[in-house]
Amino acid sequence: MAKNVALIVAAGRGTRAFRSQNEMPKQYVFLQDKPVLCHVIQQFLKNSNIDDILIVIHPNDESAYQEAIKDINSQHLLAPVFGGTTRQQSVYAGL
């Protein structure tokens, strides 16, 4: 039986969103009470057509990712994979 897996590419640096390179990537910035990435994941978890979720993250963001998902308790959230230096490479890594 085929599965539908949502692929969320969150390995970017978000340099266009902020002035400083020292800012946190936008996927980990808080919107209301939680990181943007958490909002995205929760929307996919609500979708009954999605069986699993795979997140592609930057290799330097593992601790930020773990902090972002700490309140998400779901067996449908797969272990993250590391992206590449371009979006294309990151999508390929996720696939």
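Keep in mind that the numbers below use all heavy atoms, side chains included, and drop hydrogens, waters and symmetry copies.
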Would E67 and Y28 count as a side chain to side chain contact (heavy atoms under 4.5 Å, CB included) here? Give the steps. CA-CA 9 Å; E67 181 66 23; Y28 301 112; over 6 Å; no

Between I53 and I72, is there shared hydrophobic-cluster membership here, with clusters defined by ILVMFWY side-chain heavy atoms closer than 4.5 Å? yes

Crowded around Q66 CD? As in, over 12 foreign heavy atoms under 6.0 Å? yes

Is it true that a side-chain atom of D51 and a backbone atom of N4 form a donor plus acceptor pair closer than 3.5 Å? yes

Do S90 side-chain atoms and G84 backbone N/O form a donor-acceptor pair below 3.5 Å? yes

Donor-acceptor check, side chain of Q27 to backbone of L37, threshold 3.5 angstrom: yes or no? no

Transitively linked via ILVMFWY side-chain contacts under 4.5 Å: V9 with I57? no

Where is the tightest heavy-atom contact between L45 and S74, given as atom of each residue plus distance? CD2-OG, 3.4 Å

What is the distance from atom OG1 of T86 to atom OH of Y92, rounded to the nearest 0.5 Å? 12.5 Å

Distance check, rounded to the nearest 0.5 Å: C38 atom SG versus Q32 atom CD? 11.5 Å

Do the side chain of H39 and the main chain of L31 share a donor and acceptor less than 3.5 angstrom apart? yes

Going through the checks in order, is the side chain to side chain contact (heavy atoms under 4.5 Å, CB included) test met by D61 and R13? CA-CA 10 Å; D61 293 346; R13 305 308 334 149; 3.0 Å; yes

Spatial distance of atom CG (L77) from atom CD1 (I55) [nearest 0.5 Å]: 5.5 Å

Can you tell me how far apart CG (L78) and CG (D52) are? Round to the nearest 0.5 Å. 4.5 Å

Nearest-0.5 Å distance, OH of residue Y65 to NE2 of residue H58: 16.0 Å

Do the side chains of K34 and D71 get close enough for a salt bridge, i.e. N-O under 4.0 angstrom? no

The test is side chain to side chain contact (heavy atoms under 4.5 Å, CB included); show your working for K26 and V36 and say whether it passes. CA-CA 7 Å; K26 62 187 173 194; V36 170; over 6 Å; no

Under 4.5 Å between side-chain heavy atoms, hopping through other hydrophobics if needed: is there a path connecting M24 to I8? yes

Determine whether a donor-acceptor pair (N or O, by modelled atom type, separation under 3.5 Å) exists between the side chain of Q89 and the backbone of G83. no

Could you state whether F44 and V81 fall into the same hydrophobic cluster, counting links through intermediate Ile, Leu, Val, Met, Phe, Trp or Tyr residues with side-chain heavy atoms under 4.5 angstrom apart? no

Linking I/L/V/M/F/W/Y whenever their side-chain heavy atoms sit closer than 4.5 Å, directly or via other members, would I69 and V5 fall into one cluster? no

